[in-house]
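What you see is a predicted model, and the numbers here were worked out from it, not measured in a lab.
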There are 2 protein chains.
Amino acid sequence: MKENLLSLDGCAIKVVDAARVEETRQRLVSRDEATSLSELFGLLGDVNRTRILYALLEAGELCVCDLAATVDMPETSVSHALRLLRTAAVVRARRDGRMMFYRLEDDHIRLLLDLTLQHLRHDAPVVAKKKLLKKPARKGRG
Amino acid sequence: MKENLLSLDGCAIKVVDAARVEETRQRLVSRDEATSLSELFGLLGDVNRTRILYALLEAGELCVCDLAATVDMPETSVSHALRLLRTAAVVRARRDGRMMFYRLEDDHIRLLLDLTLQHLRHDAPVVAKKKLLKKPARKGRG
DNA sequence: TTCATATCTGAATATGTATGCAGATATGAG
DNA sequence: CTCATATCTGCATACATATTCAGATATGAA
């Protein structure tokens, strides 16, 4: 009999390795941190914002209209996207006359984008792209 | 007169630095790559999945029930989350008897999680958390 | 075989989010 | 001042996504 019961907020949950669960729970990121992390990731989880960010990674700094031209999107959409990214301190804005120039906020962001792109290019398609896999087709991945 | 016109798919868009736009467009990640990248980021853009991943980062390997206990979520929710992560090759599953053990797929993922957590902890709150800024309060920014 | 356990899956709904439009704001020129 | 340009913002809707439930599958035990 390996199973144990671990009581969490008054609700008993069956666990196998209670010690490891307890230890992991203590070292786990807090809910607030997890929320912040997921909000950051969520911002990158949109194709248009992603393209904007990688455009900035390549270009260094671009104004809204050039950014819109680069990623081929209406300026309004780019502006909406940039607002979210700016609010989350993923990009930084600088005004020059009537124009706003945007660039990535810091090297953490650049590294994050670069690392993920490397991951993608080395590890092949990340997502099946379709509506998940209709068939499990669990084969060559062992 | 600095402005130029750059024609893209038959639609003229005003740009400031046409050369930089053109160069950036050529070096920009493709749409397919951007889609894959954003899908990966999108997977991390959910608090529950984020907590699951950081739990795996701490624990190394956990079965579904221990994972559920660790992050304090119903097993069904954890299973749903794991399916998405598994499909995207973010986590890897191993069966042992009736149980499935999950761990992070590779070091890219570990590095990504670690880097982002460092970014968060060094750079303070990533997102304002509220409904964006209610007041523009555009004042001291000049 | 039958039963119990651990996990998975599909469907419904409820919530969140992106997109485009219309108008607002900010800056520079005259 | 007025006008034009560059960007921003709020709102509405259309789309996507998380969550939950009920039932399915897979494995082990008897």
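- Residues Arg20(B) and Leu62(A) have side chains in contact (heavy-atom distance under 4.5 Å, counting atoms from C-beta outward).
- You'll find the side chain of Arg25(A) reaches within 4.5 Å of the side chain of Glu22(A), heavy atoms only.
- In this model, the phosphate group of dC8(D) is approached by a side-chain N or O of Tyr102(A) to a distance below 4.0 Å at OP1 or OP2.
- Checking dT9(C), dT9(D), dC8(D) against the side-chain heavy atoms of Arg83(A) singles out dT9(D) as nearest.
- In this structure, Arg98(B) does not reach the dT25(D) phosphate: none of its side-chain N or O atoms is under 4.0 Å from OP1 or OP2.
- Using a 4.5 Å cut-off between side-chain heavy atoms of Ile, Leu, Val, Met, Phe, Trp and Tyr, with links allowed through other members, Leu57(A) and Val47(A) fall into different hydrophobic clusters.
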I'd like a list of close polar pairs between nucleotides 17-20 of chain C and the protein, N/O only, cut-off under 3.5 Å.
from, atom 1, to, atom 2, distance (Å)
dA18(C), OP1, Arg49(A), NH1, 2.8
dA18(C), OP1, Arg49(A), NH2, 2.4
dT19(C), OP1, Asn48(A), ND2, 2.6
dT19(C), OP2, Asn48(A), ND2, 3.2
dG20(C), OP2, Ser77(A), OG, 3.2
dG20(C), O6, His80(A), NE2, 3.1

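- Rounding to whole angstrom units, CG of residue Asp66(B) and C1' of dT7(C) are separated by 13 Å.
- Taking atom CD of residue Glu75(A) and atom C1' of nucleotide dC21(C), one finds them 15 Å apart after rounding to whole Å.
- Taking atom CG on Leu67(B) and atom P on dA6(C), their separation rounds to 15 Å, with Å as the unit.
- Between His119(B) and Leu112(A) there is no side-chain heavy-atom pair separated by less than 4.5 Å.
- In this structure the side chain of Arg49(A) never reaches within 4.5 angstrom of the side chain of Leu44(A), judged on heavy atoms.
- Neither OP1 nor OP2 of dC8(D) sits under 4.0 Å from any side-chain N or O of Arg95(A).
- Within the 4.5 Å cutoff, the side chain of Leu82(A) has heavy atoms near those of the Ile52(A) side chain.
- Rounded to an integer number of Å, the gap from Phe101(B) CZ to dC8(C) C1' is 17 Å.
- Here dA16(D) presents its C1' atom at 20 Å from CZ of Phe41(B), a figure rounded to the nearest Å.
- For Lys14(A) and dT5(C), the shortest distance from a side-chain N or O to OP1 or OP2 is not below 4.0 Å.
- Side-chain contact check for Asp114(A) versus Arg110(A): every heavy-atom pair is 4.5 Å or farther apart.
- The aromatic rings of His122(A) and His108(B) sit tilted, their planes meeting at an angle between 30° and 60°.
- Taking atom CD1 on Ile52(A) and atom P on dC8(D), their separation rounds to 11 Å, with Å as the unit.
- In this structure, a donor-acceptor pair under 3.5 Å is present between the side chains of Arg86(B) and Tyr102(B).
- Within the helix from dT1(C)-dA30(D) to dG30(C)-dC1(D), the inter-axis angle between the opening and closing five-pair segments is 30°, rounded to 10°.
- For Met100(B) and dT27(D), the CE to P distance is 9 Å, given to the nearest whole Å.
- Rounded to whole Å, the distance from CE on Met99(A) to P on dC8(D) is 12 Å.
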